[in-house]
Amino acid sequence: MTTKAYGAHAADKPLQALDIERRVPGARDVQIEIAYCGVCHSDLHTVRSEWGGTLYPCVPGHEIVGHVSAVGSGVAGFKVGDTVGVGCMVDSCQHCASCAEGLEQYCENGFVGTYNGKTRDAPGHTLGGYSQRIVVDEKFVLRIHHPAAQLAAVAPLLCAGITTYSPLRHWKVGPGSKVGVVGIGGLGHMGVKIARAMGAHVVAFTSSEGKRQAALDLGAHEVVVSRHADEMKAHAVSFDFILNTVAASHSLDAYTSLLKRDGTMVLVGVPEHPHPSPNIANLIFKRRAIAGSLIGGIAETQEMLDFCADKGIVSDIEMIRVQQIDEAYERMLKGDVKYRFVIDSATLAG
């Protein structure tokens, strides 16, 4: 079936209106009418082929919320009218050790991304959520329990929410934990909200004095301006866990020195250029660790959505028309959004 979408035909071309083909739902498929789609920095990197390997036409978007409009004959868990979401994955091998443990994001044969992943469907690669509808295997469809009025602000939870929730959960953040969140942007603002809801003492790190009050408003107990050496020094050797969301190359030593013995800093942002090599002695003498984390599996993503619904957590968003997407990308590069753009999919109609 033909579906209206927005995408690009080349890395140096603006996004434009497209007509794409979606498969007719198979036995295990769920067809979703998309209401809103969040805009992730990965969308920009991919559509402009900044990471390489982009397949065109490229239709980005992996923070999808909407309503079920059809289900296959074998689908038991969803019905027409259900409010649902789709995140960064639409398939995985389903038989490797990681998939068997519900960690599809680490599929040893490679998960299929919601866009730019190989598929049998035309045109041979997946096309994402900047579109009116999508058809997805029921195993990769998520239930949404937030009130309808919050639906647009739920969309970024499908990427930004799970990207921050998963490491906080894996490293057992909770009451009694002192947690740092580096960077107050699309990821960082979710990290602050979720860590606070988990019961941790949250310290937000920002390079901008102008974000101090904003970070407190998000729920941080304390805010450190990283350019101020005295503020950084005051927190030396005191953190159990630091979530570093910054996607720009920077020195990691300033933050590893803030970790307690056995503390961990987890990186969730991929910089365009590698970070400078960290001071290894800084790690060895306190048994500190630097780790990484990638989104979350389907079961954990559902757990995150349920947790956020229970705690009343959504993303702070700015709604845009799909025709504003190139402008939104440029503003995103400048950090000119608080804190996530969301596309109103109704604007695809014209």
Side-chain angles (χ1 to χ4, degrees), residues 38 40 63 87 105 146 150 153-154 156-208 211-226 231-232 234-247 252 254-256 258-260 262-269 288-297 300-317 338-340:
C40 177
E63 298 178 348
Q105 76 274 33
H146 285 77
Q150 295 182 326
V154 170
L157 300 183
L158 277 303
C159 177
I162 187 57
T163 296
T164 51
Y165 180 91
S166 184
L168 291 167
R169 185 83 164 81
H170 181 77
W171 273 272
K172 299 180 172 59
V173 163
S177 301
K178 183 177 179 181
V179 173
V181 179
V182 183
I184 307 303
L187 291 176
H189 93 286
M190 291 306 312
V192 169
K193 290 185 179 190
I194 291 171
R196 174 71 185 248
M198 288 178 169
H201 180 87
V202 182
V203 180
F205 291 86
T206 175
S207 60
S208 172
K211 286 190 175 182
R212 190 185 293 272
Q213 187 58 50
L216 291 170
D217 292 343
L218 289 167
H221 294 91
E222 302 178 64
V223 180
V224 171
V225 177
S226 57
E231 292 187 31
M232 295 289 283
H235 289 274
V237 199
S238 67
F239 285 90
D240 299 288
F241 181 87
I242 295 176
L243 180 68
N244 190 329
T245 71
V246 176
L252 303 179
Y255 298 103
T256 56
L258 303 184
L259 293 167
K260 293 179 179 176
D262 293 323
T264 300
M265 177 166 67
V266 172
L267 310 178
V268 293
R288 296 161 169 148
I290 298 173
S293 181
L294 176 69
I295 53 172
E300 188 176 52
T301 304
Q302 186 64 65
E303 176 185 294
M304 176 275 303
L305 286 169
D306 295 345
F307 175 87
C308 288
D310 180 61
K311 301 294 185 180
I313 295 172
V314 292
S315 183
D316 289 15
I317 67 167
K338 289 186 176 179
Y339 288 95
R340 209 72 164 179

Met190 and Leu157 have their tightest heavy-atom pair at CE-CD2, 3.3 Å
> Is His221 reaching over with its side chain to a backbone N or O of Val203, donor-acceptor style, under 3.5 angstrom?
Replying inline: no
Heavy atoms of Val225 and Glu231 approach each other most closely as N-OE1, 2.9 Å
Got Leu305 and Val154 here, is their nearest side-chain heavy-atom distance under 4.5 Å?
-> yes
Inset, instruction - Output yes when a side-chain donor or acceptor of Arg288 lies under 3.5 Å from a complementary backbone atom of Leu259, and no otherwise. - result: yes
**Prompt:** Can you check side chain to side chain contact (heavy atoms under 4.5 Å, CB included) on Lys338 and Asp316, steps first, answer last?
**Reply:** CA-CA 6 Å; Lys338 289 186 176 179; Asp316 289 15; 5.6 Å; no
When you measure from the side chain of Ser166 to the backbone of Thr163, do you find a donor-acceptor pair of N or O atoms at a distance under 3.5 Å?
no
NE2 (His170) and CZ (Phe241) are apart, to the nearest 0.5 Å, by 9.0 Å
The reported gap from NE2 in His201 to OG in Ser177 (rounded to nearest 0.5 angstrom) is 11.5 Å
Min side-chain heavy-atom separation Val181-Thr164 under 4.5 Å:
no
For this session: Give a yes or no on whether the backbone of Gly186 and the side-chain of His189 come within a donor-acceptor separation of less than 3.5 Å.
Result: yes
Side chain to side chain, Asp310 and Phe307, heavy atoms closer than 4.5 Å
no
- Message: Please determine whether side chain to side chain contact (heavy atoms under 4.5 Å, CB included) holds for the pair Val223 and Ile184, giving the CA-CA distance in whole Å, both sets of side-chain angles, and the decisive distance to 0.1 Å.
- Response: CA-CA 10 Å; Val223 180; Ile184 307 303; over 6 Å; no
Between Ala215 and Val192 the two heavy atoms that sit nearest each other are O-CG1, 4.4 Å
Separation between CD (Gln213) and CG (Leu218), nearest 0.5 Å, reads 10.0 Å
Next on the checklist: Would the distance check show the side chain of Thr245 and the main-chain N or O of Val182 forming a donor-acceptor pair, the cut-off being under 3.5 Å?
Outcome noted: yes
Fill in: Close side-chain approach of Arg340 to Cys159, heavy-atom, < 4.5 Å
yes
Closest non-hydrogen contact found for Val314 with His146 is CG1-CD2, 3.6 Å
Min side-chain heavy-atom separation Leu243-Trp171 under 4.5 Å: no
When rounded to the nearest 0.5 Å, the distance separating NZ of Lys193 from CE of Met198 is 14.5 Å
Ser315 side-chain N/O to Ile317 backbone N/O, donor-acceptor pair under 3.5 Å: no
- prompt: Run the side chain to side chain contact (heavy atoms under 4.5 Å, CB included) check on Met232 and Leu258 step by step: do they pass?
  reply: CA-CA 8 Å; Met232 295 289 283; Leu258 303 184; 4.0 Å; yes
Does Leu158 offer a backbone N or O that forms a donor-acceptor pair with the side chain of Glu63 under 3.5 Å? no
For Met265 and Thr256 the tightest heavy-atom approach is CE-CG2, 3.7 Å
Checklist entry - Once the angle between the rings of Phe239 and Phe205 is folded into 0 to 90°, is it parallel (under 30°), tilted (30 to 60°) or perpendicular (over 60°)? => result tilted
Between Pro167 and Val266 the two heavy atoms that sit nearest each other are CB-CG1, 3.9 Å
**Message:** Has Asp240 got a side-chain atom pairing as donor or acceptor with Lys178's backbone, closer than 3.5 angstrom?
**Reply:** yes
Distance col, row Met304:CE vs Ile162:CD1, nearest 0.5 angstrom, shows 4.5 Å
